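Position 1 is the first residue of the sequence; numbering continues from there. Start at 1 and go down the list; that is how both ligands and their atoms are numbered. Note that the structure is predicted; figures quoted are calculated from it, not measured.
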Amino acid sequence: MASPLPAQESEVRHAAVERMIEHDLRGRGIRDQRVLDAMRRVPRARFVPPELAARAYEDRPLPIGHGQTISQPYVVAWMTESLQLRGDEKVLEIGTGSGYQAAVLAELGVQVYSIEIVEALALRARQLLNTLPYANVFLRTGDGYRGWPEAAPFDAILLTAAPGRIPQPLRDQLAVGGRMVLPLGEQDDRGQTMLRILRTQDGFTEQRLGSVRFVPMTGEVQTSP
Ligand code: SAH
């Protein structure tokens with residue numbers, strides 16, 4: 001088949017985005033209209049390697065280099081919805097990766113603080129996000145284990161890589177009333193559990209949201225006792 005003309009190309013992309021929104025997100029239970037609108041607006045094709053751009057709106061994770069992946073759209077929507085955001089909060093993300101999840105959060109209007117441990121990915125995400133009109137995204141290169149103390153407390157914290165246990169500094173940086181959503185568990189046959197931790201006046205409560213498979217959180221969480 002001949003490659004589409006530019007006008008057809010944008011129609012093809014429009015159709016792919018609508019299919020993602022209606023079939024893969026709303027169709028699988030995403031209800032928060034603001035999350036659906038944010039995901040309609042973020043150009044996911046720009047966050048995947050150019051040779052995979054045609055597949056950007058398929059509901060699957062894609063490789064972004066350095067052994068890492070951009071999560072599938074459904075999982076991004078599900079985690080974002082699970083944070084229960086209104087749009088005026090401060091949110092910490094551990095694992096910037098491609099920057100896609102950070103862009104979806106930025107579209108919701110929240111202040112986004114995101115940390116990436118792989119320098120090359122952090123650099124690429126920074127360059128890409130600089131070309132998009134988000135003034136509310138702050139990026140840092142390094143190990144997210146210690147969080148971002150100067151910007152704490154956070155109303156929501158999101159981990160997009162799975163630790164074997166929850167880093168204490170991240171618990172400490174969660175505001176009372178705040179939510180932390182993370183895939184917890186080692187990368188083994190039993191997989192990982194998506195958890196939502198709520199911080200209350202007296203401590204923390206935990207909800208299991210489902211089974212997932214994420215790349216491991218690296219750095220201090222793997223080496224400290
Ligand atoms: N949110 C990303 C998904 C990236 S996959 C996106 O939308 O594309 C998880 C990312 O977490 C990877 O880029 C990985 O390098 C990063 N990561 C793993 N351990 C980390 C740590 N300790 N601190 C910060 N980032 C980490």
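When hydrogens are left out, the protein atom nearest atom 12 (C) of ligand 1 is Gln68 OE1, 3.2 Å; that is the closest non-hydrogen contact. Among protein heavy atoms, atom 19 (N) of ligand 1 sits closest to Thr218 N, 3.0 Å. Nearest non-hydrogen protein atom to atom 7 (O) of ligand 1 is Gln101 N, 3.0 Å. In this structure, atom 8 (O) of ligand 1 lies nearest to the protein heavy atom Ser98 OG, 2.6 Å. Of all protein heavy atoms, the one closest to atom 9 (C) of ligand 1 is Thr160 O, 3.3 Å. Looking at atom 18 (C) of ligand 1, its nearest protein heavy atom turns out to be Ala161 CB, 3.6 Å.
Atoms of ligand 1 lying under 4.0 Å from any heavy atom of Thr96, numbered from 1 in the order shown and given with element: 1 (N), 2 (C), 6 (C), 8 (O). Less than 4.0 angstrom separates some heavy atom of Gly144 from each of these atoms of ligand 1: 21 (C), 22 (N), 23 (N), 24 (C). Using a 4.0 Å cut-off to heavy atoms of Ile94, the atoms of ligand 1 that qualify are 23 (N), 24 (C). The ligand atoms of ligand 1 that sit less than 4.0 angstrom from a heavy atom of Gly142 are 23 (N), 24 (C). Atoms of ligand 1 found under 4.0 Å from any heavy atom of Ile70, numbered from 1 in the order shown, are 8 (O). The contact set between ligand 1 and Val215, taken as ligand atoms under 4.0 Å from a residue heavy atom, comprises 9 (C). Each of the following atoms of ligand 1 lies closer than 4.0 Å to a heavy atom of Val118: 15 (O). The Leu121 neighbourhood of ligand 1 comprises atoms 13 (O), with distances under 4.0 Å to a heavy atom of that residue.
Residue contacts with ligand 1 include Glu93, since one or more of its heavy atoms lies under 4.0 Å from the ligand.
Not one N or O of Met217 is nearer than 3.5 Å to an N or O of ligand 1, by distance alone. Checked by distance only, ligand 1 and Gly95 come closer than 3.5 Å through their nitrogen or oxygen atoms. In terms of polar-atom proximity, Thr69 is not counted as a contact of ligand 1, lacking any N or O under 3.5 Å from an N or O of the ligand.
When the shell of 6.0 Å around CZ of Arg13 is examined, it contains 12 or fewer heavy atoms from other residues, nucleotides or ligands. Environment of NE2 in His66: crowded, with over 12 heavy atoms of neighbouring residues, nucleotides or ligands closer than 6.0 Å.
Contact check on Glu220 versus Arg146 returns a salt bridge, with a Lys/Arg side-chain nitrogen under 4.0 Å from an Asp/Glu carboxylate oxygen. A salt bridge links Arg40 to Glu18: at least one charged side-chain nitrogen sits closer than 4.0 Å to a carboxylate oxygen.
With hydrogens and angles ignored, the 3.5 Å screen pairs a side-chain donor or acceptor of Asp59 with a backbone N or O of Tyr74. Formation of a donor-acceptor pair under 3.5 Å by the Arg34 side chain with backbone atoms of Leu85 is found in this model. The closest donor-acceptor contact from the side chain of Glu206 to the backbone of Leu195 lies at 3.5 Å or more, if one exists at all.
No chain of hydrophobic side-chain contacts below 4.5 Å, direct or via other Ile, Leu, Val, Met, Phe, Trp or Tyr residues, connects Val176 to Phe154. Leu198 and Leu174 are assigned to two separate hydrophobic clusters, defined by single-linkage of ILVMFWY side chains at heavy-atom distances under 4.5 Å.
With Leu159 as reference, Leu170 is the one residue of Val181, Leu170, Leu92 to meet the side-chain contact (heavy atoms from CB on, under 4.5 Å) rule. The one candidate from Glu93, Glu150, Glu116, Glu119 that meets the salt bridge (Lys or Arg N to Asp or Glu O under 4.0 Å) condition with Arg140 is Glu150.
By heavy-atom distance, the residue among Ile117, Asp143, Val48, Val76 lying nearest atom 25 (N) of ligand 1 is Ile117. Counting only non-hydrogen atoms, the option in Met79, Glu220, Arg140, Glu116 that gets closest to atom 13 (O) of ligand 1 is Glu116.
Here the closest non-hydrogen pair linking Phe214 and Ala161 is CD2-N, 4.5 Å.
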